[in-house]
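What follows is a short report on a single structure.
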Amino acid sequence: MSRAAFPHRHSFYEIVYIADGSGCHVVDLARRPLRPPHLCVITPGQVHHWEDADDVNGWVVLFNEEFLLAHPEDGAALRELSSRPWLSLDEGAARRFGDLIEAMAREYRAAEMGYAGVLRSQLHVLSVWALRAAAGAGDAPAAEDRVGGRPAELVAEFTRLIARPGQAERSVRSYARELGISAGYLSEIVKSALGLTPGSLIRRSQTLDAQRLLLRTDLTVRQIAKEAGFADPAYFCRFFRRETGLSPGEYRSRGGGNHHDPRIESIVTASGTA
């Protein structure tokens, strides 16, 4: 599935590092020819597929939103990188990125004590390096990548808004009002662009905020409920169990859950699930 030739969406992040090969990678209708070595980021909800991929070698790093809880700023960096074309690398940069990703692969396979924390730190370094390389190269979205016009800009702004922590009101209507559009139009463009409803994305954001606070702070469940946008702590507990399968107390005591929720479809094609 790492080189699927049919358009599909992921519920997770994908960092692709290409060392060799030819063909074309299509992301959100933008065709990006392979001219390795280079790197790209695909965020949850983006539609992509490969065309005429031949002798492609490299690495694919897959992880979900929960894996970013230790470094939430990485999410913003990855979303920024996902809007750009392939990040071209010179020989030195290619070697550094390749060595780092190979080190991540070794750490993952060994699975020794504390390996998840090491991987989070390595992913943070990878994100920072990639953002530096993009800034240094002056890369920006190419004309063929700037598809969607104003609706695409609104969707991008919506995803930035829901990522802000500590918001008192989190509803489709409140975000639509902040964007200056109707709730119905927001639902239409978000569903079209990302394959998910605004409500489901808001719930995911609230869940991630709560998970981060449960793991990284000593706040009480009542305080966390308020920070996540819930006036009623009891309703927050029911919401959290529905979204994660655990109560807030169970999640905190276990130090978090799985890195992938099996109830979430990983790969969704244009006509179903793969």
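Heavy atoms only: backbone and side chains are in, while hydrogens, waters and symmetry mates are out.
Contacts classified as side-chain hydrogen bond (donor to acceptor under 3.5 Å, both in side chains) and involving residues 185-198 (residues at least two apart or in different chains) are given here: Thr197-Ser200. For residues 92-107, the salt bridge (Lys or Arg N to Asp or Glu O under 4.0 Å) pairs, not counting sequence neighbours, are Glu91-Arg95.
Applying the ring-ring contact (aromatic ring centres under 6.0 Å, His included) test to His38 and every residue at least two apart in sequence or in another chain returns Trp86. Residues satisfying the side chain to side chain contact (heavy atoms under 4.5 Å, CB included) criterion with Ala130, sequence neighbours excluded, are Leu39, Leu81, Leu87, Phe97. Annotation: side chain to side chain contact (heavy atoms under 4.5 Å, CB included) contacts of Ala234 (sequence neighbours excluded): Asp232, Arg238. Every residue meeting the salt bridge (charged side-chain N to carboxylate O under 4.0 Å, His left out) condition with Arg177, not counting sequence neighbours, appears here in chain and number order: Glu169. Applying the side chain to side chain donor-acceptor pair (under 3.5 Å) criterion to Ser171, with sequence neighbours excluded, gives Ser174. Residues passing the side chain to side chain donor-acceptor pair (under 3.5 Å) test with Ser22: none are found, sequence neighbours excluded. For Ala76, the side chain to side chain contact (heavy atoms under 4.5 Å, CB included) partners two or more places apart in sequence, or in a different chain, are Arg79. His71 pairs by the side chain to side chain contact (heavy atoms under 4.5 Å, CB included) definition with Glu73, Asp74, His124, not counting sequence neighbours. Qualifying side chain to side chain donor-acceptor pair (under 3.5 Å) partners for Ser82, counting only residues two or more places apart in sequence or in other chains: none. In terms of the ring-ring contact (aromatic ring centres under 6.0 Å, His included) criterion, residue partners of Tyr13 (sequence neighbours excluded) are, by chain and number, Phe63.
Val118 and Leu123 sit in two unconnected hydrophobic clusters of ILVMFWY residues. Membership requires side-chain heavy atoms under 4.5 Å apart, directly or through other members. Hydrophobic clustering (ILVMFWY, side-chain heavy atoms < 4.5 Å, transitive): Val221 and Tyr235 are in one cluster. Residues Val41 and Val128 do not share a hydrophobic cluster, clusters being chains of Ile/Leu/Val/Met/Phe/Trp/Tyr side chains in contact below 4.5 Å. Hydrophobic clustering places Met104 together with Tyr115 (ILVMFWY residues linked when any side-chain heavy atoms are closer than 4.5 Å, directly or through intermediates).
The shortest heavy-atom contact between Pro248 and Phe240 is N-CD2, 3.6 Å. The minimum heavy-atom distance linking Leu154 with Leu179 is given by the pair O-CD1, 4.1 Å. Closest of all the heavy-atom pairs between Ala183 and Arg173 is CB-CA, 4.3 Å. Nearest heavy-atom pair across Arg254 and Leu246 is NH1-CD2, 3.4 Å. Closest heavy-atom contact between Leu214 and Arg252: O-NE, 2.8 Å. Annotation for Ala77 and Leu131: closest pair CB-CD2, 3.8 Å, computed over non-hydrogen atoms.
A 4.5 Å side-chain heavy-atom check between Phe236 and Gln206 finds every atom pair outside the cut-off. Between Pro198 and Phe158 the shortest side-chain heavy-atom distance falls below 4.5 Å. Residues Val56 and Ile18 form a side-chain contact, since some pair of their non-hydrogen atoms from C-beta on lies under 4.5 Å apart. Leu34 is not listed as a side-chain neighbour of Asp54, based on a closest heavy-atom distance of 4.5 Å or more. Residues Val172 and Val190 have side chains not in contact (no heavy-atom distance under 4.5 Å, counting atoms from C-beta outward). Glu250 places a side-chain heavy atom less than 4.5 Å from the side chain of Arg241.
For the atom pair CG of Leu126 and CD1 of Ile15, the computed distance is 4.5 Å after rounding to the nearest 0.5 Å. Here the CH2-CD1 distance, from Trp59 to Ile101, works out to 8.5 Å after rounding to the nearest 0.5 Å. One finds the CD1 atom of Ile42 at 4.0 Å from the NE2 atom of His25 (value rounded to the nearest 0.5 Å). Rounding to the nearest 0.5 angstrom, the gap separating the CH2 atom in Trp50 from the CZ atom in Arg32 is 10.5 Å. In this structure, the separation between CG on Leu213 and CD on Glu227 is 6.0 Å, given to the nearest 0.5 Å. Between the CG atom of Leu69 and the CG atom of Asp209 there is a distance of 9.5 Å, given to the nearest 0.5 Å.
Geometric assessment of Arg120 against the ring of Phe67 yields a positive cation-pi assignment under the 6.0 Å and 45° thresholds.
Judged by distance alone, with hydrogens and angles left aside, the side-chain atoms of Ser205 form a donor-acceptor pair with the main-chain N or O of Ile162 at under 3.5 Å.
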